Amino acid sequence: MRNVALVTGSSRGIGFEVARQLAVRDCSVIVTSRSKDTATAAAEKIGSAAVGHELDTSDEGSIMTFANWLIREIGRLDILVNNAAILFDENESILGTSAETFETTMRTNALGPLLMTQAVLPLLRSSKAARVVNVSSGAGQISSMTSYAPSYSISKTTLNAITVMLASALPFARVNSADPGWVRTDMGGQNAPRSVEEGADTIIWLATLPDNGPSGGFFHDRKRMAW
Ligand code: NDP
């Protein structure tokens with residue numbers, strides 16, 4: 001039986017590349033976007049191993065609707081890649097961050113991955129090799145934190161804390177955070193040094209870890225990073 005993988009925010013960028021590579025590795029892949037048509041179009045680009053579905057990770061109702069569909073129609077999940085995220089405050093100061101930007105960013109980038117993991121837990125518990133990869137960022141690393149993108153950076157620090165707690169709560173699974181580096185996407189811009197293939201590498205590695213692989217870590221280029 002093929003492994004089933006869900007990649008949130010996989011209509012473009014790093015998420016699309018991760019979904020494409022998992023399909024090449026013989027997974028059935030669920031591709032998601034906030035738009036049903038966009039998700040379907042992205043899945044069609046990947047081919048018959050992929051199916052598209054609408055999902056807004058900032059909306060608990062959307063997460064529950066999606067998870068109910070997944071449990072009912074697919075009935076299996078082995079790999080969850082929490083990739084969807086927004087970056088709204090690249091040029092803002094922590095002193096000027098608005099409540100709206102902070103709340104929307106935290107809801108999408110940190111709470112969304114937590115609620116998503118909770119919602120699909122029955123399927124992950126049934127998997128022989130459950131893997132959860134939270135796509136984080138070097139911007140969330142406290143030990144090297146600057147004033148860059150305050151809401152975004154804090155959301156990724158929070159996501160890393162969620163990774164540690166989930167790894168402890170789910171000993172049967174391998175749960176890790178990945179930093180893809182600075183990647184040429186809509187979010188990263190065209191001046192970024194890395195391709196989507198390079199950005200996807202550590203995520204794919206963590207999504208396909210062997211049973212004795214690490215859990216509860218934060219990785220960049222397959223190497224463990226400080227928090
Ligand atoms: P993009 O902006 O290129 O793509 C973001 C994806 O997330 C899209 O597929 C988008 O889908 C989806 N998305 C956004 N908001 C939501 C939402 N509320 N619900 C569901 N899906 C949503 O980003 P990247 O590919 O660059 O980034 C992917 C991940 O890598 C993110 O977690 C990001 O923080 C991280 N990262 C990226 C870096 C970079 O340099 N690019 C650097 C470090 C980390 P749609 O609009 O179709 O709904």
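Ligands are counted one by one from 1 in listed order, and the atoms in each one are counted from 1 as well. Fair warning: this is a prediction, and the values are worked out from it, not measured in the lab.
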For this session: Give the contacting part of T57 toward ligand 1: side chain, backbone, both or neither, where contact means a heavy-atom distance below 4.0 Å.
Result: both
Exercise. Looking just at side-chain N and O atoms, do T163 and N134 make a donor-acceptor pair shorter than 3.5 Å?
Worked result: yes
Seminar exercise, completed: Looking at L55, V81, T108, V183, the heavy atom closest to atom 39 (C) of ligand 1 belongs to V183
Problem set entry | Exercise: do E90 and Y148 side chains pair donor with acceptor under 3.5 Å | yes
For this session: Under 4.0 Å, heavy atoms only, figure out whether ligand 1 is touched by the backbone of A39, its side chain, both or neither.
Result: neither
For this session: Count the heavy atoms belonging to other residues, nucleotides or ligands that lie under 6.0 Å from CE of M145, then report whether that count exceeds 12.
Result: yes
Problem set entry | Identity and separation of the nearest protein heavy atom to atom 16 (C) of ligand 1 | R34 NE, 3.5 Å
Exercise. What part of I86 sits under 4.0 Å from ligand 1 if we count only heavy atoms: the side chain, the backbone, both or neither?
Worked result: side chain
Exercise. Taking atom types as modelled, is there a side-chain donor on D37 or S35 under 3.5 Å from an acceptor on the other?
Worked result: no
Exercise. Looking only at heavy atoms of R194, does any of them come nearer than 4.0 Å to an atom of ligand 1?
Worked result: no
Exercise. CZ of R184: more than 12 outside heavy atoms within 6.0 angstrom?
Worked result: yes
Exercise. With distance as the sole criterion, is a donor-acceptor pair present between the side chains of S151 and D89 under 3.5 Å?
Worked result: yes
Exercise. Are K223 and D179 ion-paired here, with the side-chain N under 4.0 Å from a carboxylate O?
Worked result: no
Problem set entry | Protein heavy atom at shortest distance from atom 9 (O) of ligand 1 | S11 OG, 2.8 Å
Exercise. Among protein heavy atoms, which sits nearest to atom 26 (O) of ligand 1, and what does the distance come to when rounded to 0.1 Å?
Worked result: T185 OG1, 2.5 Å
Exercise. Touching ligand 1 at all, G181? Heavy atoms, strictly under 4.0 Å?
Worked result: yes
Exercise. Any non-hydrogen atom of S136 lying under 4.0 Å from ligand 1?
Worked result: yes
Exercise. With a 4.0 Å heavy-atom cut-off (strictly under), which part of R184 contacts ligand 1: side chain, backbone, both or neither?
Worked result: neither
Exercise. Are more than 12 heavy atoms from other residues, nucleotides or ligands located less than 6.0 Å from atom CD of E100?
Worked result: no
For this session: Nearest heavy atom to atom 2 (O) of ligand 1 wins, so pick from H220, R12, E17.
Result: R12
For this session: Could you name the option among G112, A84, A200, G138 that has the heavy atom nearest to atom 22 (C) of ligand 1?
Result: A84
For this session: Say whether A192 and ligand 1 are in contact under the criterion: heavy-atom distance to a ligand atom below 4.0 Å.
Result: no
Problem set entry | Location of contacts on Y152 toward ligand 1, heavy atoms closer than 4.0 Å | side chain
For this session: Considering heavy atoms of the protein only, find what lies nearest to atom 29 (C) of ligand 1 and give residue, atom and distance to 0.1 Å.
Result: N83 OD1, 3.2 Å
Exercise. Tell me, which protein residue and heavy-atom name are nearest atom 6 (C) of ligand 1, and how many Å apart are they?
Worked result: G9 O, 3.5 Å
Exercise. Closest heavy-atom contact between T185 and G13?
Worked result: CG2-CA, 3.8 Å
Problem set entry | Electrostatic pair R131:D211 at N-O distance under 4.0 angstrom | yes
For this session: Consider only side-chain N and O atoms of S127 and D78, and report whether a donor and an acceptor are under 3.5 Å apart.
Result: yes
Exercise. Given N134, D59, I14, which has its nearest heavy atom closest to atom 37 (C) of ligand 1?
Worked result: I14
